[in-house]
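Here's the structure we're looking at; comments come further down.
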Amino acid sequence: MSVPFFLRLEERARESNSLLCVGLDPHTEFLSENSPQAAFSFCSQIIEATADYACAFKPNSAFFEALGPGGMEVLGKVIQVIPKGIPVILDAKRGDIASTARAYAKAVFDVLQADAVTVSPYLGWDSLEPMLADPQHGVFMLCKTSNPSAYEIQGLRVAGGEPLYVHLARRAIAWNRLNNLGLVVGATDPVALAAVRSSAPDLWILAPGVGTQGGDLEIALQAGLRSDGYGLLIPVSRGIAKAADRRSKALKLRDEINEGRSGWATNPATGLSPHLAAVADG
């Protein structure tokens, strides 16, 4: 009997004592040469160095696609060398309807054998349904992204006056029929992260943007953690890829995340947990 994705993710988080999601982004600047073979070597080295401290791995499909057919073949091989028991989230931001959506689901889960995928909600429920059909496969839906212009669309006010990203968080609760839907919310906007956590208290959140994009780790943890100290994945790619000692860097990040988690508690002065306090202050 298959185990639902988020149960496996939480088991891995507890087993590894980690909420670190290691990104596998073979930028050409990191490769010895611009080839699929160099991308495989780069990713394999990161996997070997960081697997003990990774709650999950997140290969970014775009960098493999840019290497042509050989790059896509290597993407499949990279996923296969990730140790069993560590969830693989394919960062592909898929989103389409009908037979196209079903083909994307087959490509991600059956062909590439990823455990989860990032998707766009722009086309609505029927574009997500094929990805969510099997509870052992997870989906992280874009909600409030980490890029500077995200507010142009995601911050628009909808009926009732709430931002679109809050509306999406509420819709995700309704769409989470098999308990295999999570959200993507950038760590670069802790007020938005806190608002989403307040609106969707139980969903897992993938929170990119710590490090290179300027997101503050401690604040992101305060804004996005669930009440049980889980429910938040912190993806890091460049920070690990550029490190002279990637294993030590992953351990340091894992420990910094856990230090932030240990300080997560209700503020006795306000009676609010940190993510709700952030909303109040924002």
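Nearest heavy atoms, Leu181 versus Leu203: O-CD2, 3.6 Å. Scanning all heavy atoms of the two residues, the minimum distance from Ser16 to Arg254 falls at O-NH1, 3.0 Å. Closest heavy-atom contact between Arg197 and Gly231: NH2-O, 2.9 Å. Taking every heavy atom of both residues into account, Leu112 and Gln80 meet most closely at O-NE2, 4.2 Å.
In this structure, the separation between CG on Leu90 and CG on Leu75 is 6.0 Å, given to the nearest 0.5 Å. Rounding to the nearest 0.5 Å gives a distance of 5.5 Å between CZ of Phe140 and CG of Leu9. Once rounded to the nearest 0.5 Å, the distance linking OG of Ser146 with CG of Asp189 reads 10.5 Å.
Tyr53 and Leu217 end up in different hydrophobic clusters when Ile, Leu, Val, Met, Phe, Trp and Tyr side chains are linked at under 4.5 Å.
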For this session: Could you walk me through whether Ser41 and Gln45 pass side chain to side chain donor-acceptor pair (under 3.5 Å), step by step?
Result: CA-CA 6 Å; Ser41 176; Gln45 290 169 14; 3.1 Å; yes
Problem set entry | Chi angles and distances behind the salt bridge (Lys or Arg N to Asp or Glu O under 4.0 Å) call for Asp96, Arg94 | CA-CA 7 Å; Asp96 216 317; Arg94 300 302 188 211; over 6 Å; no
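No donor-acceptor pair closer than 3.5 Å links the side chain of Asp25 to the backbone N or O of His27. Without hydrogens or angle criteria, Asp216 side chain to Ala220 main chain gives no donor-acceptor distance under 3.5 Å.
In this structure, Glu218 does not pair ionically with Arg261, as no charged nitrogen and carboxylate oxygen lie closer than 4.0 Å. Between Arg8 and Glu11 there is no salt bridge, since no side-chain nitrogen of the basic residue lies less than 4.0 Å from a carboxylate oxygen of the acidic one. One finds a salt bridge joining Arg226 and Asp228 here, because a Lys/Arg side-chain nitrogen approaches an Asp/Glu carboxylate oxygen to under 4.0 Å.
Screening residues 121-132 for side chain to side chain donor-acceptor pair (under 3.5 Å) gives no qualifying pairs among residues at least two apart or on separate chains.
Between Phe109 and Asp115 the shortest side-chain heavy-atom distance does not fall below 4.5 Å. In this structure the side chain of Val22 never reaches within 4.5 angstrom of the side chain of Val236, judged on heavy atoms. Looking at heavy atoms from C-beta onward, Ile234 lies in side-chain contact with Leu232 at the 4.5 angstrom threshold.
With Val185 as the fixed residue, the side chain to side chain contact (heavy atoms under 4.5 Å, CB included) test singles out one of Gln154, Met141, Lys144: Lys144.
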Expected list for residues 156-169: side-chain donor-acceptor pairs under 3.5 angstrom, two or more places apart:
residue : atom : partner : partner atom : Å
Arg157  : NH1  : Gly161  : O            : 3.0
Glu162  : OE1  : Arg170  : NE           : 2.9
Glu162  : OE1  : Arg170  : NH2          : 3.4
Tyr165  : OH   : Tyr151  : OH           : 3.3

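With sequence neighbours left out, the salt bridge (charged side-chain N to carboxylate O under 4.0 Å, His left out) criterion links Glu48 to no other residue.
A donor-acceptor pair shorter than 3.5 Å can be found between the side chains of Thr118 and Asp91.
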